[in-house]
Amino acid sequence: MPDSAPYTRAMPPARVVAVAPGSPAASTGILPGDEVLSLNGEAVRDVIRYQLQADEPVVEVEVRRGGLEQLVTVEKPAGAPLGVELDSPVFDRVQTCDNHCPFCFIHQLPKGMRRSLYLKDDDYRLSFLYGNFTTLTRFTEADLERVIGERLSPLYVSIHATDPDVRAQLLRNRRGATSLRWLAALLDAGVEVHGQIVVCPGINDGAVLDDTLLGILDRFPRLQTVGVVPLGVSAHTHEPDMRQHTAAEATAVLETVASWQARFQRALGRRLVFAADEYYVLAPRPFPQPAEYEGFPQHENGIGMVRAFEADVQAALRGERAAGMGPRAGFFAWVDGAPPDGYRAPRTGSRPTPASPSARRVAIVTGEYGERVLDPLLPLLRDLAGVPVRLVPVPNRFFGGNIAVTGLLTGRDVCEVLATEPAGDRYLVPDVVLSRDRFLDGTTVADLPRTVEVVPTDGASLVAALR
Ligand code: SF4
């Protein structure tokens with residue numbers, strides 16, 4: 001449904017999938033399975049409108065149950081959540097992507113995963129809600145009006161190249177050549193926008209990357225940040241030109257970013273462009289100092305995650321309050337619906353469980369990149385725990401290729417590794433591998449051959465679990 005559509009009863013209803021016990025919604029008898037037709041008379045189209053209405057102290061909820069419609073009045077403090085979990089963050093229809101990027105990770109998923117994972121979105125609402133990147137190729141004047149009118153900021157925009165022909169080629173969509181005009185309009189209207197460049201070696205690195213960063217300085221200097229990230233190549237790609245970076249190519253990207261950071265600093269007083277942690281691992285080069293990330297604004301996109309994690313661990317060890325920065329939303333977070341505490345709530349219901357008193361050694365389950373992050377911290381963590389602490393890196397066989405981030409581990413791969421590990425140890429698993437307590441392949445921690453404790457994916461939580 002186009003975003004210019006009026007808010008009418010023709011809007012598809014939102015379906016309630018869970019009601020938080022003791023919540024205002026529970027006290028008024030709203031039940032899982034109910035359909036929400038309107039809030040305060042508005043047939044809301046997505047959780048953004050839903051939240052605006054649900055924040056009111058008195059909310060008239062029109063629900064349909066078994067074909068019968070009824071009006072329920074919920075009274076609560078202004079701003080308190082209703083406590084209703086909905087089946088999707090977008091009720092009308094997710095704006096799907098009409099690009100065909102050769103580096104698209106969704107095109108590289110193996111067959112047989114949950115259907116919702118194969119849906120390619122290019123929806124500015126999911127950009128606002130979950131930090132998904134949008135190419136703006138399907139953005140409209142009505143969307144611009146809504147973003148500005150409802151202050152949907154920040155947004156996240158895929159840039160990849162500022163040269164129109166190269167961008168159209170990368171997106172395999174001729175509108176890719178012109179859609180960055182919307183980026184200019186958003187920035188002119190004062191919307192905060194973060195950009196991303198997915199670098200494909202031999203295509204938009206080298207002189208093209210240089211030209212893109214020049215284009216950003218020239219046309220989009222109001223961008224808050226731009227993340228430069230390497231493409232992911234799974235074993236399931238059908239694109240012969242898509243390949244991993246060599247160490248020399250990763251080094252060249254880091255050098256380009258460093259030289260542009262210096263130029264942006266001279267011109268704008270800030271670095272603006274940042275390279276993904278993965279590049280420092282690939283090159284290999286030491287990670288920048290924490291201050292060089294200027295507050296870690298693209299932390300959730302794998303930029304500065306290592307330094308933020310270290311800083312968290314060290315702050316927690318000193319007894320200071322850590323920032324607790326961890327990846328809150330996984331790559332596919334939005335497909336699992338809108339949680340009851342609001343769309344910015346954590347994506348997993350798991351909580352750390354107490355350690356078994358008989359457990360002596362601790363094993364931290366992680367991806368292959370996670371291993372490189374955690375390995376230098378092991379002596380500190382061992383001192384803290386007072387028992388042997390080791391890492392259990394899990395190679396990503398499910399996706400294969402160069403996919404090594406912890407957030408894309410599947411239960412199947414974790415099972416295979418844990419089956420060879422000794423019983424009786426404490427196994428800590430970071431919650432970034434789970435969405436609603438499920439791995440990407442649909443398995444759960446109950447399917448694992450060892451009992452594990454799920455720990456929020458940040459340094460402070462890991463320190464707390466070890467203490
Ligand atoms: S815009 Fe994103 S979802 Fe669409 S094809 Fe490109 S990478 Fe895939």
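Worth saying up front: this structure is predicted, and the values here are computed from it rather than measured. What's counted below: heavy atoms across the whole structure, side chains too, no hydrogens, waters or symmetry copies. Indexing begins at 1, ligand by ligand and atom by atom, following the structure's order.
A donor-acceptor contact closer than 3.5 angstrom links the side chains of E192 and H194.
Listed for the D277 side chain is a donor-acceptor partner under 3.5 Å among the backbone atoms of G304.
Not one N, O or S atom of H107 sits under 2.8 Å from atom 8 (Fe) of ligand 1. Here C101 does not reach atom 4 (Fe) of ligand 1: none of its N/O/S atoms is less than 2.8 Å from the metal.
Aromatic ring orientation, W260 versus F264: tilted (interplanar angle from 30° to 60°).
Within a 4.0 Å radius of atom 8 (Fe) of ligand 1, the protein has at least one heavy atom.
To the nearest 0.5 angstrom, S234 atom OG is 8.5 Å from N402 atom CG.
Within ligand 1, the atoms closer than 4.0 Å to a non-hydrogen atom of T135 are 1 (S), numbered from 1 in the order shown. Taking every heavy atom of C97 and a limit of under 4.0 angstrom, the matching atoms of ligand 1 come to 1 (S), 3 (S), 4 (Fe), 5 (S).
Close placement of the H245 and Y279 rings is indicated, their centers lying within 6.0 Å of each other.
Proximity of N99 to ligand 1, defined as any heavy-atom pair under 4.0 Å, is shared by backbone and side chain alike.
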